[in-house]
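Here's the structure, in structure tokens; my notes come after.
In what follows, every chain begins at residue 1, and chains take the letters A, B, ... in the order their sequences are listed. These numbers were taken from a predicted model, which means no experiment stands behind them. For the numbers below, each heavy atom of this structure counts, side chains included, while hydrogens, waters and symmetry mates do not.
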There are 2 protein chains.
Amino acid sequence: MVMKKKSSSGRQKIPIEKIPNRSHLQVTFSKRRSGLFKKASELCTLCGVEIAIIVFSPAEKAFSFGHPEVESILDRYLTRNPPPRQESRAHQQLVEAHRNANVHEQNMKLTQILNQLEIEKKRGEGVRPN
Amino acid sequence: MVMKKKSSSGRQKIPIEKIPNRSHLQVTFSKRRSGLFKKASELCTLCGVEIAIIVFSPAEKAFSFGHPEVESILDRYLTRNPPPRQESRAHQQLVEAHRNANVHEQNMKLTQILNQLEIEKKRGEGVRPN
DNA sequence: AACCCTATCTATAAAGC
DNA sequence: TGCTTTATAGATAGGGT
């Protein structure tokens, strides 16, 4: 059942400052987060680069985007930017742990694949080949 | 005052596929990366959320965005999404290591602050208060 | 049902030719 | 403010927990 009472006033300019209204903030967060992930996805494809994004929502839920996968990019980042020397053993173990992780990693991958899928789906829907 | 001689065909649509030309790719990468970081920065401000982004360039250079800092967000992400049980000691040590990191973290912070600065600077330049 | 999140539509802002 | 694409504010509906 579609009820169209009124036309909206269209896109308004908003100042870049914290949105006071909670429900408005939630909607904006959701929309802009998906816009951000879409941009990241396009950058990956256009330039053949690897990107990981982690976002904590206002409700403290973690959202992630990763191409190819968040975990592998984090491992790589941590490997190339290692903590101070005295900590390198623990760090190395962590990197190995992540490489060998299985059950958890599968869940992570699934989540990320679902994210990617959603993005790809959106991209495919309204677009005709150019 | 801007003079335009003739109307063009307007903004061109580009296909989302790997850019073949190397220098064109480099330009696009640079522009879209800063656009992505700017969007992330706006999302942080509008919604008061925390975001970390890691990008590996075509030349394997790492670029990062983090509000408040990449490291703290990664720690939080890794803490909330822990690897399987048998690895938790190493993981815990890593988390501690990152919390206690000093010299390296200072460098990271500096890099990130410079990134933020660049973004804020760009935002300020072409915008007049509405 | 209070919260959190997502989806859809329109009009329009913003950006890039 | 030519002309076009894109992102998104606003309004609202619906879905999941």
Requested in this report: Among the candidates dT4(D), dA7(D), dA13(C), find the nucleotide nearest to the side-chain atoms of K39(A).
Outcome: dA7(D)
Query raised in the report: Is the closest side-chain donor-acceptor distance between E60(B) and S57(B) under 3.5 Å?
Result: no
Query raised in the report: Atom CZ of F37(A) and atom C1' of dT8(D): how far apart are they, to the nearest Å?
Result: 17 Å
**Report entry** Distance test, side-chain N/O of S9(A) to OP1/OP2 of dA11(D), below 4.0 Å
**Finding:** no
Query raised in the report: Nearest to the side chain of H24(A) - dT6(C), dT12(C), dG10(D)?
Result: dG10(D)
Requested in this report: Could you pick out which residue, Q12(B) or G10(A), lies toward the 5' side of DNA chain C when each is mapped onto its nearest nucleotide?
Outcome: G10(A)
Query raised in the report: Over how many whole Å does the gap from E42(B) atom CD to dA13(C) atom C1' extend?
Result: 12 Å
Query raised in the report: dC4(C) C1' sits how many Å from F29(A) CZ, rounded?
Result: 11 Å
Report task. Could you check which of dA11(D), dA15(C), dA13(C) has an atom nearest any side-chain atom of V27(A)? Result -> dA11(D)
Requested in this report: Send over the distance from L43(B) CG to dA7(D) C1', rounded to a whole Å.
Outcome: 14 Å
Requested in this report: Could you tell me the separation between the OG atom of S64(A) and the CD atom of E69(A), rounded to the nearest 0.5 Å?
Outcome: 11.0 Å
Report task. Answer yes or no: does a side-chain N or O of R33(A) lie under 4.0 Å from OP1 or OP2 of dC5(C)? Result -> no
Query raised in the report: Counting any heavy atom closer than 4.0 Å, what does S23(A) reach on the DNA or RNA strands: base, sugar-phosphate only, or nothing?
Result: nothing
Requested in this report: Measure from the side-chain heavy atoms of K38(B) and tell me the nearest of dT6(C), dA9(D), dA15(C).
Outcome: dA15(C)
Query raised in the report: Can you tell which of dC5(C), dA15(C), dC3(C) lies closest to the side chain of A59(A)?
Result: dC5(C)
Query raised in the report: Rounded to the nearest Å, what distance is computed from the CG atom of residue L25(A) to the C1' atom of nucleotide dA11(D)?
Result: 17 Å
Requested in this report: Could you tell me whether the side chain of S30(B) and the main chain of V27(B) form a donor-acceptor pair under 3.5 Å?
Outcome: no
Query raised in the report: Between K13(A) (NZ) and dG10(D) (C1'), how many Å, whole number?
Result: 17 Å
Query - Donor-acceptor contact present, side-chain S41(A) to main-chain F37(A), <3.5 Å - result: no
Query raised in the report: In terms of the nearest nucleotide of DNA chain C, which residue is placed more toward the 5' end: E60(A) or R11(B)?
Result: E60(A)
Requested in this report: For the pair L46(A) and R32(B), evaluate side-chain contact (heavy atoms from CB on, under 4.5 Å) and give the outcome as yes or no after the intermediate values.
Outcome: CA-CA 10 Å; L46(A) 287 167; R32(B) 282 189 176 245; 3.4 Å; yes
Report task. Classify the nucleic acid contact of Q26(A) as base, sugar-phosphate or nothing, counting any heavy atom under 4.0 Å across all strands shown. Result -> base
Query raised in the report: Any donor-acceptor pair under 3.5 Å between the side chain of K31(B) and the base of dG16(C)?
Result: no
Query raised in the report: Could you give the CD1-to-P distance, from I14(B) to dC17(C), as a whole number of Å?
Result: 9 Å
**Report entry** For atom CZ of R32(A) and atom C1' of dA7(D), their distance in whole Å
**Finding:** 8 Å
